[in-house]
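By convention in this document, chain letters (A, B, ...) are assigned in the order of the sequence lines, proteins followed by strands, and residues within each chain are numbered from 1. Here the structure is a predicted model, which is why all the values come from computation and not from measurement.
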2 protein chains.
Amino acid sequence: MQSLQSCNHYKKKMNATPDTRAYLNEYGIRPSVQRIAVMNYLLHHRTHPTAEEIYQALAPEMPTLSRTTVYNTLELLVARGAVIHLTIDPRFSRYDGDISLHGHFLCDHCGTLYDVPLKTLPEALYPKEHRVNSAQLYYRGTCAHCSQENKQ
Amino acid sequence: MQSLQSCNHYKKKMNATPDTRAYLNEYGIRPSVQRIAVMNYLLHHRTHPTAEEIYQALAPEMPTLSRTTVYNTLELLVARGAVIHLTIDPRFSRYDGDISLHGHFLCDHCGTLYDVPLKTLPEALYPKEHRVNSAQLYYRGTCAHCSQENKQ
DNA sequence: TACAACTTTGTAACGATTGCAAAAGTAGAA
DNA sequence: TTCTACTTTTGCAATCGTTACAAAGTTGTA
């Protein structure tokens, strides 16, 4: 089977999103086909996907893609600050391509993970003696949709 | 081997902490020997232990204790609101017997999990349309101790 | 082309957590 | 006390997200 790296059809398709390539460059990440695909997926799907979901979504178009590559890539993207690693769900890690300031709400009933708009994350609360790299605000409970269903 | 439930020596020892028994009652949890032991450990060790750490700590005094029981008990304690389930560390769940308002800081270098005092968690930021059961504020980075070491 | 460095891949292993059914313990009635 | 129903604990096996590792592939440079 022809490799993705040498497939002109695929290259052309990927070139349709030069923004993603540039985005990776901004974070000092060499834009391989696989890295572009993962980053591109995260930029265009704000569903806080798991590694497995990303793999399942990309695999049909990238038959040679490996789960390990998805895991490795996500680790790299998070380490360079291009992607946020969400740990609110104890069952598995989720990833967010939106690195702007916002919190998250996990519905314990249906498992949906919602964005929560935040104006500011109070600086005063930061632990001054430590060097902070990231901050996350997590809410858990029952979402509006599930609350409605269980009301009657 | 004599069971814990029928061991008078152990009962006497546990009776030395009637506060823990009362604490469980407050949360509607029937105070079995195992539940008292787990809750008692969390009330007296503010180290955010994992299930395994709790098991290892209790096992010497409770040779018949099962890991499954520790997991089951923690699940129950969290469900009733007596204990907080911390998901900041992607590797494993940690538990906190201190349910007062405070955040957490995980040092990515040494793995230590610190408490972060909070004055208030801004109400305005809550997602109004959802029913919120718990809120967690997580910080990650390098702690003061590790920052100092890597400075020179 | 040749070489070194980097990246991807597939498989095996790891390890935290859960499922499950048997055993043990508890509480209330008779 | 004894019976009975219910609750809890236990130990083992299984699950499954994630990681380790080495081989194969790719890229950049000379």
Side-chain angles (χ1 to χ4, degrees), chain A residues 1-8 10-11 14 21 24-25 27-39 48-56 58-59 61-80 85-95 111, chain B residues 1-8 10-11 14 21 24-25 28-39 48-56 58-59 61-80 83 85-95 111:
Chain A
M1 182 188 294
Q2 189 185 28
S3 78
L4 275 176
Q5 279 78 357
S6 60
C7 173
N8 282 324
Y10 195 85
K11 276 184 180 172
M14 277 301 105
R21 183 181 291 271
L24 291 179
N25 280 325
Y27 287 90
I29 299 166
R30 302 168 71 154
S32 72
V33 173
Q34 291 83 352
R35 289 169 181 177
I36 293 172
V38 171
M39 187 70 245
H48 317 100
T50 65
E52 179 67 20
E53 284 168 351
I54 295 172
Y55 171 76
Q56 292 297 338
L58 298 180
E61 295 180 26
M62 305 175 72
T64 66
L65 183 66
S66 165
R67 268 187 190 78
T68 303
T69 299
V70 175
Y71 278 101
N72 289 342
T73 300
L74 288 170
E75 185 187 11
L76 178 66
L77 294 174
V78 170
R80 298 293 170 84
H85 180 182
L86 301 176
T87 64
I88 189 174
D89 196 329
R91 293 172 300 169
F92 27 60
S93 291
R94 294 173 176 273
Y95 297 90
Chain B
M1 181 189 291
Q2 190 184 27
S3 77
L4 275 177
Q5 278 78 356
S6 60
C7 172
N8 282 323
Y10 195 85
K11 277 184 178 172
M14 277 300 106
R21 183 181 290 271
L24 291 179
N25 280 326
I29 299 166
R30 300 168 72 153
S32 71
V33 173
Q34 292 83 352
R35 289 169 180 176
I36 292 172
V38 171
M39 188 68 245
H48 317 100
T50 65
E52 179 67 20
E53 284 169 349
I54 295 171
Y55 171 75
Q56 292 297 338
L58 299 180
E61 294 179 28
M62 305 176 70
T64 66
L65 183 65
S66 164
R67 268 186 190 77
T68 303
T69 299
V70 175
Y71 278 101
N72 288 343
T73 300
L74 288 170
E75 186 187 12
L76 178 66
L77 294 174
V78 170
R80 298 293 170 84
V83 163
H85 180 184
L86 302 176
T87 63
I88 189 174
D89 195 329
R91 293 172 302 170
F92 26 61
S93 290
R94 294 173 176 273
Y95 298 89

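Residue pairs meeting the salt bridge (charged side-chain N to carboxylate O under 4.0 Å, His left out) criterion with at least one member in residues 66-80 of chain A, sequence neighbours excluded, are A:E52-A:R67.
Put simply, B:T69 has a side-chain N or O that comes within less than 4.0 Å of OP1 or OP2 on D:dT10. Within the 4.0 Å cut-off from OP1 or OP2 of D:dT26, not a single side-chain nitrogen or oxygen of A:Q34 is found. Contact annotation: A:R30 side-chain N/O to D:dT27 OP1/OP2 distance is not under 4.0 Å. An OP1 or OP2 oxygen of D:dT10 is reached within less than 4.0 angstrom by a side-chain nitrogen or oxygen of B:T64.
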Which protein N or O atoms sit under 3.5 Å from an N or O of nucleotides 16-18 of chain C?
residue, atom, partner, partner atom, Å
C:dT17, OP1, B:S93, N, 2.8
C:dT17, OP1, B:S93, OG, 3.3
C:dT17, OP2, B:Y71, OH, 2.9

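Between A:L76 atom CG and A:R35 atom CZ the span is 5.0 Å, to the nearest 0.5 Å.
Spacing between atom CG of A:L74 and atom P of D:dG17 amounts to 14 Å, rounded to whole angstrom units. Atom CD1 of A:I36 is separated from atom C1' of C:dT7 by 13 Å (rounded to the nearest Å). Atom pair B:I29:CD1 and D:dT7:P shows a separation of 16 Å (rounding to whole Å applied). Between B:D89 atom CG and D:dG17 atom P the separation is 18 Å, expressed in whole Å. Between A:I54 atom CD1 and C:dT8 atom C1' the separation is 17 Å, expressed in whole Å. If you take CD of A:Q56 and C1' of D:dC16, they are 14 Å apart, rounded to a whole angstrom. If you measure from atom CG of A:N72 to atom P of D:dA22, you get 15 Å, rounded to the nearest angstrom. Between the CG atom of A:L86 and the P atom of D:dT18 there is a distance of 12 Å, given to the nearest Å.
Here the closest heavy-atom approach between residue A:A59 and residue A:L65 is recorded as N-CD2, 4.5 Å. Among all heavy-atom pairs drawn from A:Y55 and A:S66, the shortest one is CE1-C, 3.9 Å.
Side-chain rings of A:Y95 and A:H85 approach one another, their centers coming within less than 6.0 Å.
Counting heavy atoms from C-beta on, the side chains of A:I54 and A:T73 never come closer than 4.5 Å.
Comparing C:dT9, D:dT10, C:dT8 against the side chain of A:S32 picks out C:dT8 as the nearest.
Scanning for ring pair (Phe, Tyr, Trp, His ring centres under 6.0 Å) contacts around B:F92 gives an empty result, with sequence neighbours left out.
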